[in-house]
Amino acid sequence: MIDFKKKTAELLNDVIEDLQFDEIMETIEVPKNTEMGDYAFPCFKLASIFKKSPQMIASSLVESIDSDKNFESIKAVGPYINFTIEKSILSKLIIEEVLDEEDQYGSSDLGKGKNVVVEYSSVNIAKPFHMGHIRSTMIGYSLYKIYSFLGYNTIGINHLGDYGTQFGKLIVAYKKWGDKEAIEANPIPELLKIYVKFHEEAEKDPTLDDEARAWFTKLENGDEEAVRLWTLFRKVSLKEFEGVYDLLGVEFDSYAGESFYSDMIPGLLEEMREKGVMTNEEGAELVNLEPYDMPNALITKSDGSSLYITRDLTAAKYRKEEYDFYKNIYVVGSQQNLHFKQWIKIIELMGYEWAKDCIHVPFGMVGLEEGSLSTRNGRVVFLEDVLNKAIETTKDIIEEKNPDLDNKEEVAKQVGVGSVVFQELSNNRIKDYTFSWEHTLSFEGETGPYVQYSHARACSVLRNAEVTLEDVDYSLLNNKASFDLIREISKFGEVIKRAAEKYEPSLVTRYITHLAQLFNRFYHETPILVDDEELKKARVAVVKAYKHVVKNGLSLIAIEAPEKM
RNA sequence: GGGGCUAUAGCUCAGCUGGAUAGAGCGACAGAUUCCUAAUCUGUAGGCCACAGGUUCAAAUCCUGUUAGCCCUACCA
């Protein structure tokens, strides 16, 4: 594939003596409006060197640039020099590349031989899977897919919240008010019920909190009863979560949660004491982070038990040893920014250079119109309910618009779940958002179904096409709609790399949304299955290329692409 | 008190390392279906880019301050 930007820079380099090639490459930009061309060179910087107006520089430079077969036109427009690539050359290159690579188009071997750990979802056991949990789950899983597509060996970890004082609370609550049969029949709601009751009672009787802490300490020390109950809670919870993960199509390579690192904590503490990074204060141990403008980090409580941060430190060290990661990514809410800054600094203080490879990828909060999501106050929207409702709504629409469709159930699931996931991955992850049923169940405009529908339409055209794509004459593609689409297709690979660099799946979501808009425009104003065989071939080739790209894009944000809907 | 994030159209949001008239979708209004799926497309209206300074040939974008909202700030996670 020809690098047209480089070609542009070479042409400019021949006529500009005062700038280095690299400087020219950096200055070249892509015009906002595609009608202006494919690349533009602003002449402002040269103005101070030549002591002439940028407009004059642009027009005089253009005259001395040699014409080149790759460019349709090179024009001075005000202070810019605009380069427009020869359309038939670009069309042929792009489309043939897509048709050749198909589901690998846009992929890369950038990450060959490098391991990337991605921690995502990380739900708390014994608590319901609510709407807020979709964020880490989908952002993380999408990053997992994006990094894999770029050739990295990726390891997805569900760092289950299966340890800590909350389990002491649950044990106390269970022993006081629990009902084994009810919990086995209906685990999460029952566990939640007694957990909520615990908090109500603890308000009146604070000694319950002490009791809970004591039970967690017993759990950490391997007390038989504590371990038996904890195992039960974990088992029944996991079983229920699996249903949601199945629905979302999300997978993990490891379910090593917080408890997994329990045995390794003493070793870590010993190491920290030896390295002298901790100080002892009234029985509790902490790391002084004041020199780094952070609050001190408490590592062990005065009763000797561990905290969240202790387990994250242990897990990071374990992952380095086990996976020798190139990057160790944590998809966790922005409330924990300080927590991550603290422990990554501690890793650094312990002398591990790989501290810099530990990356916290934060995201904003999900709220409800009535206020913030709160399990204890009953302000909860269960994720499974949202998914099921979206599937139901999709079924209704199918019955209305396409009642003869085969496997309606499967398609309804793909489209319904896809719409929820798509919405989740649409905005910059750092933004907070308010959940709304109306917004989630709307399937028009910039939505998952919109993009999926464009894919289904492309598939439909291809089914009816009856052509073989040999010796396609790409110069026949001369309308703006087709060229805008082809040009956008060519950007796919860069978008994925950028999404990986920025840890931002929404870049992929927005890209395919825009691509679908361009396809729909093209589809509408360009008859594809025309009598002229040559013209038909060229246009079908565009449709086929689009189909592959949009499908690859959807796959990277973990959304299915049904062929009919 | 200290720190972090956010602020762009009535609503939900894009706007890349500063560059050519600030873009989408929803909602509103006006249109398009003898033709490949109307979950679609076309058009119109709608903006002191929170506010005030600064840097620059050039600022929604960078810097400083102010305001508002959310989050964090040692024995929860």
Side-chain angles (χ1 to χ4, degrees), chain A residues 26-27 29-33 36 40 42 44-45 47-48 53-54 77-80 82 122 124 161 163-166 169 209 212-213 258 281-287 289 293-303 305 307-309 311-312 333-339 341-342 362 364-365 367 372 394 397-398 400-402 405 415 419 423 426-428 430-434 436 438-439 442-454 456-465 494 498 502 506-507 510 513-514 517 520-521 523-530 539-540 543 564-565:
Chain A
E26 270 176 42
T27 310
E29 53 191 58
V30 177
K32 264 184 212 168
N33 193 329
M36 294 173 184
F44 302 102
K45 282 179 190 165
S48 56
S53 78
V77 181
Y80 292 86
N82 291 344
S122 307
N124 280 337
Y163 226 51
T165 307
Q166 54 177 330
K169 293 178 182 178
D209 283 322
R213 273 192 285 271
E258 290 186 58
E281 242 169 74
E282 296 166 23
E285 289 171 294
L286 54 83
V287 179
L289 292 174
D293 295 321
M294 282 186 261
N296 296 334
L298 193 69
I299 307 297
T300 64
K301 296 188 252 182
S302 39
D303 67 359
S305 63
L307 286 122
Y308 182 46
I309 195 165
R311 299 189 282 274
D312 261 337
S334 61
Q335 305 98 295
Q336 297 188 30
N337 281 351
L338 177 61
H339 167 76
K341 262 180 78 179
Q342 284 178 314
M365 312 220 336
S372 60
T394 306
I397 295 173
I398 290 173
E400 180 197 325
K401 305 201 182 241
N402 197 359
L405 183 70
V415 175
S419 74
Q423 179 195 238
S426 289
N427 297 346
N428 283 342
I430 200 65
K431 299 228 173 178
D432 293 347
Y433 73 87
T434 303
S436 116
E438 194 194 342
H439 188 223
S442 105
F443 293 166
E444 284 168 20
E446 296 170 328
T447 64
Y450 173 92
V451 177
Q452 288 172 317
Y453 183 65
S454 73
R457 270 179 155 179
C459 289
S460 173
V461 172
L462 295 174
R463 277 194 301 273
N464 296 324
E494 290 213 1
R498 204 173 145 68
K502 297 256 175 190
S506 67
L507 293 177
R510 279 201 299 270
T513 306
H514 185 225
Q517 284 169 340
N520 278 331
R521 199 168 296 161
Y523 176 91
H524 245 269
E525 66 182 57
T526 317
I528 298 156
L529 304 179
V530 289
R539 289 178 177 170
V540 167
V543 174
K564 291 181 184 176
M565 64 185 268

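- Using a 4.0 Å heavy-atom cutoff across all strands shown, L507(A) reaches no nucleic acid atom at all.
- One atom, CD of E438(A), and another, P of C26(B), lie 13 Å apart when rounded to the nearest Å.
- When heavy atoms are screened at a 4.0 angstrom cut-off, D312(A) is found touching no nucleic acid atom at all.
- Proximity of K431(A) to the phosphate of U6(B): no side-chain N or O atom is located under 4.0 Å from OP1 or OP2.
- Side-chain proximity of I398(A) to the nucleotides A39(B), C36(B), C41(B) is greatest for A39(B).
- T165(A) comes within 4.0 angstrom of sugar-phosphate atoms only, judged by non-hydrogen atoms across all strands, and of no base.
- The separation of U21(B) from C11(B), taken at their P atoms, amounts to 27 Å, rounded to a whole angstrom.
- T526(A) comes within 4.0 angstrom of a base, heavy atoms only.
- Note on G161(A): nothing from the nucleic acid sits closer than 4.0 angstrom, heavy atoms only.
- H439(A) contributes no side-chain N or O that forms a donor-acceptor pair with the base of U12(B) under 3.5 Å.
- Atom CD of E494(A) is separated from atom C1' of U17(B) by 14 Å (rounded to the nearest Å).
- Base engagement by A456(A) is indicated by at least one non-hydrogen atom pair under 4.0 Å involving a base atom.
- The nucleotide G31(B) finds its pairing partner in C41(B), both defining distances of the Watson-Crick or G-U wobble pair being shorter than 3.5 Å.
- Look at the P atom in both U61(B) and A9(B): the space between them is 15 Å, to the nearest Å.
- Residue E26(A) is out of contact with every strand shown, counting any heavy-atom pair closer than 4.0 Å.
- Residue R457(A) has its side chain nearest to A38(B) when only A38(B), C5(B), A24(B) are considered.
- In this structure, M36(A) places its CE atom 8 Å from P of A20(B), rounding to the nearest Å.
- Neither OP1 nor OP2 of G25(B) sits under 4.0 Å from any side-chain N or O of R510(A).
- Rounded to an integer number of Å, the gap from K32(A) NZ to C16(B) P is 10 Å.
- Within 4.0 Å of F443(A), counting heavy atoms only, lies at least one base atom of the nucleic acid.
- A gap of 45 Å separates the P atoms of A7(B) and U34(B), to the nearest Å.
- Atom name P, nucleotides U33(B) and A52(B): the rounded distance is 49 Å, in whole Å.
- Under 4.0 angstrom from either OP1 or OP2 of C36(B) there lies no side-chain N or O belonging to R539(A).
- Using a 4.0 Å heavy-atom distance criterion, L338(A) is classed as a sugar-phosphate-only contact.
- Nucleic acid contact class of R498(A) (heavy atoms, under 4.0 Å, all strands): sugar-phosphate only.
- Remark: the backbone N or O of P362(A) is not paired with any side-chain donor or acceptor of S334(A) at under 3.5 angstrom.
- Atom CD in Q336(A) sits about 15 Å away from atom P in C76(B), given to the nearest Å.
- If you take CE of M365(A) and P of G69(B), they are 16 Å apart, rounded to a whole angstrom.
- Residue P31(A) is classed as a base contact, given a heavy-atom separation below 4.0 Å to a base.
- Counting non-hydrogen atoms under 4.0 angstrom, L286(A) reaches a base of the nucleic acid.
- Using a 4.0 Å heavy-atom distance criterion, A47(A) is classed as making no nucleic acid contact.
- Among the heavy atoms of the strands, none lies under 4.0 Å from V543(A).
- Contact annotation: N428(A) side-chain N/O to A14(B) OP1/OP2 distance is under 4.0 Å.
- Comparing the P positions of G53(B) and U17(B) gives an interatomic distance of 26 Å, to the nearest angstrom.
- A straight line from OH of Y433(A) to P of C71(B) spans 17 Å, rounded to a whole angstrom.
- The CG-C1' distance, from N296(A) to G3(B), rounds to 15 Å in whole Å.
- Distances shown here put every side-chain N or O of K301(A) at or beyond 4.0 Å from the OP1 or OP2 atom of A74(B).
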